[in-house]
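Have a look at the structure below before the remarks.
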Amino acid sequence: MTETAIDGVKKGKSKEVCGYPISIFFIVVNEFCERFSYYGMRAVLVLYFRYFLQFDDDLATSIYHTFVALCYLTPILGAIIADSWLGKFKTIIYLSIVYAIGQVVMAVSAVNDITDSDRNGTPDSLTFHITMSMLGLLLIALGTGGIKPCVAAFGGDQFQDHQAKQRGTFFSVFYLCINGGSLLSTIITPLLRAQECGIHSQQKCYPLAFGVPAALMVVSLGLFLYHLHHSTFHVPILPVMSPFYQSCPLSTSHVPFLPVMSPFYQSCPLSTSHVPILPVMSPFYQSCPHSTSHVPFLPVMSPFNSSCPLSASHLPFYMPCPGLPAISHNCILVYNDVLLFVPTVVFIAGSGMYHKTKPQGNIMLAVCKCIGFAISNRFKHRSSVHPKRTHWMDWAEERYDKLLIAQIKMVLKVLFLYIPLPMFWTLFDQKGSRWTLQATTMDGNFGIAILQPDQMQTVNPIFILTLVPIMDKIVYPLIKKCGLNFTPLRRMTVGMFLAAMAFVAAAVVQIQIDKTLPSFPSASQSQLKLLNMGSNTLMVKLSNNYSIELQAAQATENYITFEEESIKVSLPNSTISRTVVLPKEKRQTLLIPSNVSASWEVTDDLMKKPEQGANGVRFVNGLAGTVNVSAGAHSFGSIGSSQASNYSFLSNGKATFTITNGVNTCEYSREFGFGSSYTLLIPSNFMWGPTCWEFILAVEDIKPNSFHMGWQIPQYFLITCGEVVFSVTGLEFSYSQAPSNMKAVLQAGWLFTVAVGNFIVLIVAEIAQIEEQWAEFFLFASLLVAVCIIFSIMAHFYTYTDPTAIEAQFRDKSDNESHQERLEMEKKHSIDHHDENDEQKQTKM
């Protein structure tokens with residue numbers, strides 16, 4: 001089918017499937033995968049700042065929210081480029097490539113081996129990694145923000161006038177794909193981050209989470225563009241993603257390439273020739289009874305996939321990934337950024353089928369010019385000589401149409417209500433920063449699964465998908481039946497209040513977490529713990545007349561806090577005493593050997609909880625000889641008599657330690673939680689043999705995280721309720737109060753409030769410098785309550801308008817004026833004609 005131009009719109013192929021334009025499915029796949037990539041990267045971003053780039057909590061939070069703010073500022077630039085210069089299609093293509101480059105740069109920035117010359121697992125030049133990270137984030141912000149205002153609008157352009165119902169369904173599916181991509185990414189990407197990878201040392205695998213396969217995506221995109229450039233035809237590729245899709249009895253010519261992604265997909269009775277390449281990605285897909293010839297390339301990526309009885313010949317590119325059992329028995333090791341390049345490739349693939357509107361000028365620029373002229377003209381005529389006008393925008397009447405001025409007045413009326421809204425986003429977006437950092441100090445063991453701190457964000461999209469239909473179908477109708485006038489602005493007020501209550505809940509959780517955290521010495525204090533490595537009980541006396549009875553192979557239960565710079569430690573039953581220097585702001589352990597007359601060692605202990613939920617473990621050798629200790633890839637090295645090893649940091653779960661003296665070997669196993677620190681003592685009475693593990697003493701220096709991560713669920717529930725009531729209603733209200741051609745302006749204004757909200761977090765985190773996290777949560781909650789009260793007052797005085805009726809009045813008035821002008825012209829023409837006839841008659845006479 002040839003392309004035609006109708007009404008200035010470039011029309012592509014108009015084939016339909018199940019009543020929808022084929023091109024729609026490419027757009028939906030693009031959005032699903034792009035959102036997967038964005039939210040997956042964003043889920044682990046604050047931990048990357050905190051633990052890889054070694055920023056403190058405040059700086060990590062600040063950079064995170066600066067990035068989010070940029071992502072919501074660049075849509076304005078993207079809209080201007082699309083409407084005034086390139087058009088939506090080219091804008092999406094070009095900025096998707098920029099987006100992909102940004103992901104590649106981020107992946108490279110997370111490879112610590114690039115600058116780890118001493119191979120100790122820590123980058124030697126953080127400047128390089130920080131610079132690359134900031135460049136990558138800038139490109140990603142430009143890419144994701146630039147295409148944000150274009151994709152949904154471009155999808156709407158694909159429908160004809162007779163497809164109004166399908167257009168409405170498309171936007172529902174579009175929103176579903178956004179949350180579906182967010183849900184899957186916040187489950188899967190933290191699992192990728194939790195893997196350990198590296199060339200010289202094994203560290204948390206941020207390169208995998210950010211996109212090691214980005215290079216494969218670049219190659220795929222390059223090959224596809226080469227193929228597209230040299231092809232004389234368009235390949236019909238059809239991804240089926242409708243959430244209500246049940247069957248797809250399509251012919252061979254319809255579907256040579258069919259990825260089935262519907263979350264409710266049941267069956268698709270296609271023959272071999274229908275589906276040569278079929279990636280099944282539905283999270284609810286249960287079985288895949290296709291023969292080898294049907295599915296030569298089938299990556300099964302569903303985290304809930306039960307079975308897919310395919311032979312090895314079915315999956316030539318299907319690679320094992322045993323580190324991710326929660327996803328499937330197998331998984332594609334590198335797919336996170338493949339999903340970023342997939343949308344670009346899929347989107348380009350539908351090029352010949354799209355309806356592409358030409359750039360027709362940007363309405364936002366027209367609005368800005370009109371407002372600027374009104375202000376300038378008003379300033380020029382500020383003298384009292386000139387008569388006042390009803391509204392300051394009326395000063396633009398000399399140059400601009402009255403209808404445009406009336407439309408801008410309606411938009412400004414809504415934008416005025418937007419002024420308090422950024423505070424809501426100030427709280428809402430902290431679930432990806434402060435709340436994630438809060439989760440790192442909690443216990444993520446849920447029994448059937450162990451959640452990573454950044455996986456708790458998964459609760460938000462789950463609640464969204466659940467609460468949106470509940471609100472629309474149950475809550476709002478019940479409120480209406482009760483006779484309550486629950487207007488959109490009142491809903492938004494309630495949403496803001498719920499968000500404030502979410503931060504009150506977060507503050508309460510933080511208070512409980514703080515009770516479980518160790519009390520470290522202040523700037524004027526030091527702390528000391530005593531460890532008896534011998535087989536006899538010791539009575540130890542400190543210089544402040546404080547006596548302690550130490551049982552054999554035991555340590556003091558808690559650290560003892562001192563203000564002095566040094567203390568004298570003596571054994572009353574002997575003449576032996578030692579002077580111990582106590583450095584300020586430090587924790588130490590005094591090792592008392594079995595031979596008390598020998599040298600006493602003092603070790604430095606950890607001064608903070610281990611990061612990322614790891615467990616700090618060290619060994620103390622109370623034997624007379626040297627021992628070697630290892631645990632998998634972790635080696636504690638050779639430990640001399642009455643000496644302590646360095647700390648090794650182990651993940652939660654069971655760890656098995658191998659202890660050897662070159663002749664005998666002993667294995668000791670222990671379960672570890674999250675964020676603990678242990679000193680494991682090999683006592684002097686240790687005996688090799690099958691029960692050697694019974695002699696090992698575990699001294700708990702820092703208790704593991706004991707407050708469960710599940711206690712964050714109430715605050716996530718409250719913030720999601722607030723989001724559903726506030727955000728969805730706010731968009732609905734804005735669209736209902738906006739003129740027909742000003743929807744984009746209000747969309748830009750709405751996104752701008754999100755950006756401003758994130759800048760507020762930046763200001764508070766860097767300037768307020770509140771030491772107690774719970775106090776900061778209460779501060780944000782108090783600010784939002786105050787803003788909520790202000791907004792409710794503004795909403796009370798707001799008068800709802802009908803933009804369609806107002807526009808119709810101006811058009812009718814314009815039509816009447818035009819009609820009156822025509823009548824006057826006809827009348828004048830008639831009079832002129834009559835005068836001409838009279839003149840001719842007079843001349844004849």
Side-chain angles (χ1 to χ4, degrees), residues 68-69 71-73 75-76 79 145 148-149 152-153 171-172 174-175 178-179 182 364 410-431 460-461 463-465 467-472 475-476 479-480 485-503 718-740 742-760 783-803:
V68 175
C71 289
Y72 285 96
L73 283 176
I76 300 175
K148 190 187 295 290
F171 284 110
S172 298
F174 191 83
Y175 188 72
I178 292 174
N179 287 283
S182 171
M364 285 189 290
M410 289 185 279
V411 168
L412 292 176
K413 187 178 179 182
V414 177
L415 290 178
F416 177 73
L417 281 177
Y418 280 4
I419 294 175
L421 302 191
M423 187 54 65
F424 173 86
W425 301 111
T426 298
L427 275 67
F428 178 79
D429 280 332
Q430 288 190 64
K431 60 184 175 59
N460 177 249
F463 278 147
I464 287 177
L465 296 174
L467 290 173
V468 168
I470 291 176
M471 289 291 185
D472 288 340
V475 177
Y476 293 154
I479 293 176
K480 188 176 181 180
N485 185 18
F486 201 34
T487 62
L489 292 179
R490 289 177 181 174
R491 294 182 192 178
M492 294 174 67
T493 304
V494 171
M496 297 169 77
F497 181 76
L498 288 173
M501 292 303 99
F503 264 64
L718 288 170
I719 200 76
T720 307
C721 287
E723 178 190 8
V724 171
V725 177
F726 176 88
S727 182
V728 177
T729 304
L731 289 172
E732 175 190 347
F733 164 78
S734 300
Y735 273 64
S736 68
Q737 298 296 294
S740 57
M742 298 283 181
K743 309 291 186 184
V745 177
L746 283 183
Q747 177 70 12
W750 182 266
L751 295 176
F752 185 73
T753 65
V754 181
V756 174
N758 281 273
F759 280 127
I760 294 174
L783 290 174
L784 186 55
V785 169
V787 169
C788 183
I789 295 172
I790 295 172
F791 180 77
S792 64
I793 297 173
M794 295 170 64
H796 177 74
F797 291 100
Y798 181 84
T799 304
Y800 289 84
T801 58
D802 185 355

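Quick note: residue numbers are just sequence positions, from 1.
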Closest approach of Ser182 and Pro461, non-hydrogen atoms and distance?
OG-CG, 3.9 Å
Testing the basics here: between Ile719 and Ala502, what is the closest heavy-atom pair and its distance to 0.1 Å?
N-CB, 3.7 Å
Distance col, row Phe424:CZ vs Cys788:SG, nearest 0.5 angstrom, shows 11.0 Å
Of all the heavy-atom pairs spanning Pro420 and Val787, show the shortest one and how long it is.
O-CG1, 3.2 Å
Less than 4.5 Å apart, side chain to side chain, heavy atoms only: is that true for Leu427 and Leu783?
no
Show your reasoning for whether side-chain contact (heavy atoms from CB on, under 4.5 Å) applies to Leu489 and Met794.
CA-CA 9 Å; Leu489 292 179; Met794 295 170 64; over 6 Å; no
Assess the residue pair Met423 and Thr426 against the criterion (side-chain contact (heavy atoms from CB on, under 4.5 Å)); give the C-alpha distance rounded to whole Å, side-chain angles, the decisive distance to 0.1 Å, and a yes or no.
CA-CA 5 Å; Met423 187 54 65; Thr426 298; 3.9 Å; yes
Any cation-pi pair here, Lys431 with Phe428, using under 6.0 Å and within 45°?
yes
May I ask you to check whether Phe726 and Phe791 place their ring centres under 6.0 Å from each other?
no
Within 45 degrees of the ring normal and closer than 6.0 Å to the centroid, is that where the cationic atom of Lys413 sits relative to Tyr798?
yes
Can you measure from CH2 (Trp425) to CE (Met496) and round to the nearest 0.5 angstrom?
11.0 Å
Residues Leu417, Met492; criterion side-chain contact (heavy atoms from CB on, under 4.5 Å); working and verdict
CA-CA 11 Å; Leu417 281 177; Met492 294 174 67; over 6 Å; no
Say you draw a straight line from CG of Asn460 to OG1 of Thr720; how long is it, rounded to the nearest 0.5 Å?
4.0 Å
Side-chain heavy-atom pair Val494, Phe497 within 4.5 angstrom cut-off
no
Smallest heavy-atom separation, Ser792 atom then Thr493 atom, equals CB-CG2, 4.0 Å
Least distance between heavy atoms, Leu784 atom then Ala499 atom:
CD2-CB, 3.6 Å
Between Gln737 and Met410, what is the shortest heavy-atom contact and its length?
O-CB, 4.3 Å
Can the positive tip of Arg491 be found less than 6.0 Å from the middle of the six-membered ring of Tyr476, inside 45° of the ring normal?
yes
Stepwise side-chain contact (heavy atoms from CB on, under 4.5 Å) test for Ser727 and Trp750
CA-CA 10 Å; Ser727 182; Trp750 182 266; 4.1 Å; yes
About how many Å separate CD of Gln430 and CD1 of Ile760, when rounded to the nearest 0.5 Å?
10.5 Å
With heavy-atom distances below 4.5 Å as the criterion, would you say the side chains of Leu73 and Phe759 are in contact?
yes
Quick one: pull up CG in Leu465 and CD1 in Ile470 and give me the separation to the nearest 0.5 Å.
11.0 Å
